[in-house]
Protein chains: 2
Amino acid sequence: MATGSRTVPPRSSVWLSERKTTKRKGDQQPVGLDHLKIVAATMRLLDAEGLSGFSMRRLAAELGVTAMSVYWYVETKDHLLELALDAAMGEIALPIEAVGPVGAVGPVEGLEHAPAEPRDWHEQLRQLASEYRRVLARHPWLSALLGEYLNIGPNAVSFQSAALAVMRNSGLPDDRITSALALVYQFVYGFGTIEGRFTARCRAAGATQEELFHEMMGAVEDRMEFDEARKIMEARGGTTVQEMQDRDFTFALDLAIAGIEALRER
Amino acid sequence: MATGSRTVPPRSSVWLSERKTTKRKGDQQPVGLDHLKIVAATMRLLDAEGLSGFSMRRLAAELGVTAMSVYWYVETKDHLLELALDAAMGEIALPIEAVGPVGAVGPVEGLEHAPAEPRDWHEQLRQLASEYRRVLARHPWLSALLGEYLNIGPNAVSFQSAALAVMRNSGLPDDRITSALALVYQFVYGFGTIEGRFTARCRAAGATQEELFHEMMGAVEDRMEFDEARKIMEARGGTTVQEMQDRDFTFALDLAIAGIEALRER
DNA sequence: ACCTGAACACCGTTCAAGT
DNA sequence: ACCTGAACACCGTTCAAGT
């Protein structure tokens, strides 16, 4: 991907640069306009063509500009992709209740261990998880970028803050919260990755989800002792692939929540 | 990555080809030798230089051969990467007890719902999870390939069979098993992805895990309402990054198992 | 301050040709 | 059956030059 990265890397991340890079026009107002347009066009291209179909030259063409113009606004292709990554993270709708406590000016006295209703954090966790899943599935390139870059942009940080705030209401002891977060967060990441890649693959092949699914099952079936497995697969239920995925996702989340509830007692 | 994939794709996966592609020398024995050497060199290169550092031309140079020779053995770069992917999946050690039942000639009468000791499937699940994690962390390129390709090679299928066999012993009803599997499997995938990328990034930057970790925390810290979060992070425990990761991983798995145990009752 | 053109050092892959 | 060389259509990025 980043072919030039074996030479001296210019900057390891946009977010680790000294300058916050909000460019200003004669110290008046942030330009942003072209910057925003570039990121928006990048995301459009990524959605349409995938990560492998994206190039700085294609982007420039899309913007009706010469290949190298973009480099005035953006240091490198990697930085641009990091910006697109964080923009996508910004599409995750955060539960307002979750943002509140952490974003507050300071810890509210006596409310730090306020006994949040279980329903509250259950629902908030479910919302965050399904939002994250939705964004991953909508932008199949997102998962690869999350694996490639650091994901410490402003929107990513807000998301992680919200997730942390929700999990703090689970009642788990402090030293278990990152674990529980990892379980849910990484599960959704993995789930959304597969889902996104699968839909992208379907679109690329011009096939429905069902067609591709059965082709895969067929390919696996005859190379495997499938007597037991087939039973499981059939018990999976749901008529469409989408329904199966929704069921799997929902119940997996139930399992994680049940696990948190169970270990909270001990 | 696959720049040529926007034209007519030659074959969407090695494993979906008609021919099983075990080449034979005059119908005598499988050659395999060069085929194996190519995949081995591919993995060596991927481990050393990462996915972005890998190219067919570099590989050919590594093999002391001209750029196009490899194409006699392998249809395309994507196919070669799929072979490397499955070879890596083959490094996952499977619990023998798990492979047994599924690999058996047929379902053993009366033993289909044999009451496996909880300890058994707990331990087997933990072993599979930590093996998978280990392989993902050792080969940081593996995660990206898993996201890119179908992962239906022979070793991948064996692994999935084993995972299914283990989960069948959990006592969950049949229609919940794929969900439980998704929870654990995708969690480990996500966890191993982050871990692998992080170690790769450290090596590339020539920094220790602790150095990079603190740099990241520093970058996030000042852009965030970190009062609450810091407390969690410190409660995380462990003196090294590795210890933190091990703790998080182990307890997250405990959570998943506890969730399965809890929902099995209902 | 913003954009361009030519150039460099790479890619994956095709294809005709060698042995 | 196996390997090569030249070529095609691409990359990301540098750099000197334009306005």
Side-chain angles (χ1 to χ4, degrees), chain A residues 1-11 14 19 21-35 37-38 42 45-46 49-82 84 148, chain B residues 1-11 14 19 21-35 37-38 41-42 45-46 49-84 148:
Chain A
M1 221 160 299
T3 14
S5 65
R6 220 151 350 103
T7 71
V8 184
R11 259 285 56 86
V14 217
R19 288 223 120 294
T21 66
T22 46
K23 291 192 184 302
R24 297 178 173 279
K25 210 172 202 161
D27 280 309
Q28 282 179 334
Q29 75 239 357
V31 174
L33 201 139
D34 275 84
H35 215 267
K37 265 203 291 199
I38 287 174
T42 299
L45 220 57
L46 285 169
E49 313 275 0
L51 195 54
S52 63
F54 176 81
S55 78
M56 296 300 272
R57 291 167 131 111
R58 290 256 303 137
L59 173 64
E62 194 79 3
L63 291 167
V65 100
T66 213
M68 294 303 95
S69 314
V70 185
Y71 281 95
W72 197 87
Y73 296 93
V74 129
E75 202 175 335
T76 188
K77 185 193 183 188
D78 288 285
H79 282 199
L80 178 53
L81 290 178
E82 274 192 283
E148 188 82 5
Chain B
M1 223 160 296
T3 15
S5 65
R6 216 145 359 97
T7 71
V8 185
R11 263 275 66 81
V14 219
R19 288 227 120 292
T21 66
T22 46
K23 292 194 183 302
R24 297 179 174 278
K25 209 172 205 161
D27 279 308
Q28 282 179 335
Q29 73 239 357
V31 174
L33 200 139
D34 276 83
H35 214 266
K37 265 204 292 199
I38 286 174
T42 299
L45 220 57
L46 285 169
E49 313 275 359
L51 195 53
S52 64
F54 176 81
S55 78
M56 295 301 272
R57 292 169 131 110
R58 290 256 301 139
L59 173 65
E62 194 79 3
L63 291 167
V65 101
T66 211
M68 293 303 97
S69 313
V70 185
Y71 280 95
W72 195 87
Y73 296 94
V74 129
E75 201 175 335
T76 188
K77 186 193 181 187
D78 288 285
H79 282 199
L80 177 53
L81 290 179
E82 274 192 283
L83 294 174
E148 188 81 6

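Residue numbers begin at 1 in each chain, while the letters A, B, ... track the order of the sequences.
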Rounded to the nearest 0.5 angstrom, the CG-CG distance for L83(B) and D78(B) is 11.0 Å
When rounded to the nearest 0.5 Å, the distance separating CG of L59(A) from OG1 of T42(A) is 4.5 Å
Report, one pair per line, the protein and nucleotides 3-7 of chain D atoms (nitrogen or oxygen only) whose separation is under 3.5 Å.
{"unit_1": "dC3(D)", "atom_1": "OP2", "unit_2": "Y73(B)", "atom_2": "OH", "d": "2.8"}
{"unit_1": "dT4(D)", "atom_1": "OP2", "unit_2": "T66(B)", "atom_2": "N", "d": "2.9"}
{"unit_1": "dT4(D)", "atom_1": "OP2", "unit_2": "S69(B)", "atom_2": "OG", "d": "2.3"}

Sorted by chain and residue number, the side chain to side chain contact (heavy atoms under 4.5 Å, CB included) partners of A67(B) (sequence neighbours excluded) come out as R57(B)
Would you say that [X] contacts [Y] through its side chain, given a criterion of any heavy-atom pair below 4.5 Å between the two side chains?
X      : Y      : value
V74(B) : V14(B) : no
D34(B) : W72(B) : no
K77(A) : L81(A) : yes
L80(B) : M56(B) : yes

Starting at atom [atom1] of [X], determine the distance to atom [atom2] of [N], rounded to an integer number of angstrom.
X      : N       : atom1 : atom2 : result
Y71(B) : dA1(D)  : OH    : C1'   : 20 Å
H79(A) : dG12(D) : NE2   : C1'   : 14 Å
R58(B) : dG12(C) : CZ    : C1'   : 16 Å
M56(B) : dC10(C) : CE    : P     : 18 Å
D78(A) : dG12(D) : CG    : P     : 10 Å
E49(A) : dC10(D) : CD    : P     : 13 Å
L80(B) : dT13(C) : CG    : C1'   : 14 Å
L63(B) : dC2(D)  : CG    : P     : 16 Å

Read 5' to 3' with Watson-Crick or G-U pairs under 3.5 Å, [ ] for crossing pairs and | for partners on another strand, DNA chain C gives ||.|||||...|||||.||
Query raised in the report: So does S55(A) get a side-chain nitrogen or oxygen closer than 4.0 Å to the phosphate oxygens (OP1/OP2) of dC10(D)?
Result: no
Between L46(A) and A84(A) the two heavy atoms that sit nearest each other are CD1-CB, 4.3 Å
Here the pair of heavy atoms bringing A60(A) nearest to T66(A) is CB-O, 3.4 Å
